[in-house]
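Here the structure is laid out as structure tokens; the discussion comes afterwards.
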Amino acid sequence: MLAAWLPLFVDEAFYWQEGQHLAWAYSDLPALTAWLARLGVALFGPTPLGLRLPFLLIGALLPWLLVRMATREFGPATGWRAGLLFLLLPLAGSLGLLALPDVPLLLASLLCLDAGLRALRRVEAAVGAQLALGLAIGGLTHYRFAAVLLAGGLALLLLREGRRALRSPWLWVALAIGALAWLPLLLWNAQHAEAGLRFQLIERNPWTFDWRGLRLGALQSLLATPLLLLALLLAAWRGLRDPRPAVRCLALCGMLLAGGFFLLGFFADRERVSFHWPLPGHVALLPLVPAVLAGWTRPWRRATWAVLGLGQALALGYCLMAALPQGRAWAAAHGLYPANFSDWQTLAQQVQRRLQTAPPGTRLLAADFKLGAELGFALGDPDIPVLDHPLNRKHGRQAQLALWGVLLESPHALPRPWLLVASPAHAGFAGEGEYRDWLCAQLGGLPAAQVLSVDGGGKRFWLLLAPADGTPLPACAAAVMAAQSPPAAADGRSRSAAAR
């Protein structure tokens, strides 16, 4: 239900756009997320639910894989409890609601973790095949899977049983297949001046120590819920001293992944969302948590489950709020507006109406990649031209837009008429005035702006229609600009603003 109602998150729309330009790799990610997005709309229709269905199905599979793994290693009771913990863990139980790479990434992590535990006992062809499948999925999903490889490799090297397993040719065949999955991404970077690697490793990360990493770590802890986090820490600590190889392997993988990302938060990207990075580490520790909880008193056990359930209810409640127009309007009035889940459908409808009354041949333009992708999905057009906006570079999408031929580096030379859709909320500038000046410099003048307010004033969009060739654009100082007008009073209402 939520997947059908929730407006597309901006990254989901861009993955849809990538899926409409099928390739082996892209500037921001390997190919699998875009392929799944393309598969979803091809099989189930170009709707948010259709786009998300492959991810929903994978997300529904994940707790069963954990139950199967934990049951084999520790018995049915532990297996079922681990599965229930997964469902109530906010970031895990809601996985698949959005069409994001974290879904196949966790699938790959669980497949590799399960194969690694099986290899500690005996390495056979089935184990090698499962490991190869997990490695291939991970290599085709995200750069971040390298952390899973590092943690898993270190865990095997630190365990005597793991070093013995590494002598098997089946494991090396699996590793070779997994290495081939990275080849498209490496070739893409080699052909495009390492644009993806530079963004992921250099441009988005300051690599300087900052105490704000504590805030990121606190957010990671809050999302795991405090009592479960304490249980995870105790499970890792006890697991490292356990004589059973499977327990030590889980403790090592979980500790290396979760602890590594916690430390990385002090040096790496703090501007973009990264609180979900430690999730594979938390999930690796879940099979060890039931034994920890068994040693707690009944009130503490009940409190742990209750707080965990409350955390998941709050996470899904936030999604429900973002899915409903009334919820987004309430959030906007209380400073909680989910800007990346804006009412894109109302914007698309207004754009369609404006195009119908515009001169024939009017071309639609978007000010940044977010608007280009969201409007593209709503209007069924994956090739809407996009301005050279700082936001494109901030999110590592500039090179991909240029490769598709939709990046407008000289929009002032574009034949008119055209209709530009912009939003000062996407700007990253000091204010609407600075954004207006930037737009004017890009376009060589500014036409009158029709202002569209959505979600109770949570976000405003500007629709700027340029006249046909031969008619000069109004000078910047005399332009009719939205920045000089108050928001529209009603949701979805639009009007023109007069400069004073």
Side-chain angles (χ1 to χ4, degrees), residues 19 22 24-25 29-40 43 53-73 79 82-83 86 92 95-96 99-156 162 165-187 246 249-250 253-254 257 279-281 283-284 286-287:
L22 286 178
W24 286 98
L29 290 177
L32 186 57
T33 304
W35 293 350
L36 289 172
R38 175 66 175 268
L39 180 67
L43 293 181
L53 264 176
F55 299 85
L56 273 171
L57 294 173
I58 294 173
L61 173 66
L62 295 175
W64 294 103
L65 289 177
L66 185 66
V67 168
R68 176 177 175 271
M69 180 181 73
T71 297
R72 185 190 65 238
E73 300 295 337
F86 182 99
L95 207 64
L100 299 176
D102 299 271
V103 184
L105 181 64
L106 188 55
L107 171 64
S109 302
L110 274 175
L111 287 172
C112 291
L113 181 63
D114 185 47
L117 293 178
R118 294 172 63 188
L120 295 178
R121 289 196 180 93
R122 180 184 176 187
V123 182
E124 52 190 5
V127 173
Q130 180 179 329
L131 181 60
L133 177 62
L135 293 173
I137 293 174
L140 290 169
T141 298
H142 206 288
Y143 290 87
R144 214 182 320 132
F145 187 67
V148 177
L149 292 176
L150 182 61
L154 284 174
L156 288 178
L166 287 171
R167 300 190 186 103
S168 168
W170 290 115
L171 243 60
W172 289 100
V173 170
L175 290 171
I177 294 173
L180 288 175
W182 292 90
L183 189 58
L185 192 63
L186 296 176
L187 289 174
C249 182
L250 289 170
C253 289
L257 275 171
L279 180 60
V283 171
L286 287 182

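Predicted model only: the values in this text are computed from it and were never measured. These numbers come from the heavy atoms of this one structure, side chains and all, not from hydrogens, waters or symmetry mates.
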Fill in: Check: I177 and V173 side chains under 4.5 Å, non-hydrogen atoms
yes
Practice prompt. Return the minimal non-hydrogen interatomic distance between P184 and A25, and the atom names on each side.
Written response: O-CB, 3.7 Å
Fill in: Straight-line distance of L156 CG to C249 SG, nearest 0.5 Å
6.0 Å
Worksheet entry | By side chain to side chain contact (heavy atoms under 4.5 Å, CB included) - contacts of R38 (at least two apart) | Q20, L22
Worksheet item: Do L95 and I58 pass the side chain to side chain contact (heavy atoms under 4.5 Å, CB included) test, and can you show the C-alpha distance, the side-chain angles, and the key distance before you say yes or no?
Response: CA-CA 9 Å; L95 207 64; I58 294 173; over 6 Å; no
Worksheet entry | Test item: L183 and W24 side chains (from C-beta on) under 4.5 Å apart, heavy atoms | no
Practice prompt. State, to 0.1 Å, how close L171 and A119 come at their nearest heavy-atom pair, and which atoms those are.
Written response: CD1-CB, 4.3 Å
Worksheet item: Excluding sequence neighbours, so at least two apart, what forms side chain to side chain contact (heavy atoms under 4.5 Å, CB included) with W172?
Response: L175
Worksheet item: Closest heavy-atom contact between A147 and L257?
Response: O-CD2, 3.7 Å
Worksheet entry | 4.5 Å side-chain heavy-atom contact, S109 and V283 | no
Worksheet entry | Closest non-hydrogen atom pair between A82 and L66, with its separation | O-CD2, 3.5 Å
Worksheet item: At their closest point, which heavy atom of P287 faces which heavy atom of A284, and how far apart are they?
Response: CD-O, 3.4 Å
Worksheet item: Can you find a pair of side-chain heavy atoms, one from F55 and one from L36, that are under 4.5 Å apart?
Response: yes
Worksheet item: Once the angle between the rings of F145 and W182 is folded into 0 to 90°, is it parallel (under 30°), tilted (30 to 60°) or perpendicular (over 60°)?
Response: parallel
Fill in: Between CG on residue L113 and CE on residue M69, distance to nearest 0.5 Å
4.5 Å
Worksheet, complete the sentence: In this structure, CG of L62 is separated from CG of L106 (nearest 0.5 Å) by 5.0 Å
What side-chain donor-acceptor pairs closer than 3.5 Å can you find for residues 128-141, not counting sequence neighbours?
| from | atom 1 | to | atom 2 | distance (Å) |
| --- | --- | --- | --- | --- |
| Q130 | OE1 | R118 | NH1 | 2.7 |
| Q130 | NE2 | L111 | O | 3.0 |
| Q130 | NE2 | D114 | OD2 | 2.8 |
| T141 | OG1 | I137 | O | 2.5 |

Discussion item. Would you compute the distance between atom NE2 of H142 and atom CG of L32 and round it to the nearest 0.5 angstrom?
Written reply: 12.0 Å
Worksheet item: Between atom CG of L65 and atom CG of L107, what is the distance when rounded to the nearest 0.5 Å?
Response: 6.5 Å
Response to the item:
The reported gap from CG in L117 to CD in E73 (rounded to nearest 0.5 angstrom) is 5.0 Å
Discussion item. If you compare all heavy atoms of A115 against all heavy atoms of V127, which two are closest, and at what distance to 0.1 Å?
Written reply: O-CG1, 3.5 Å
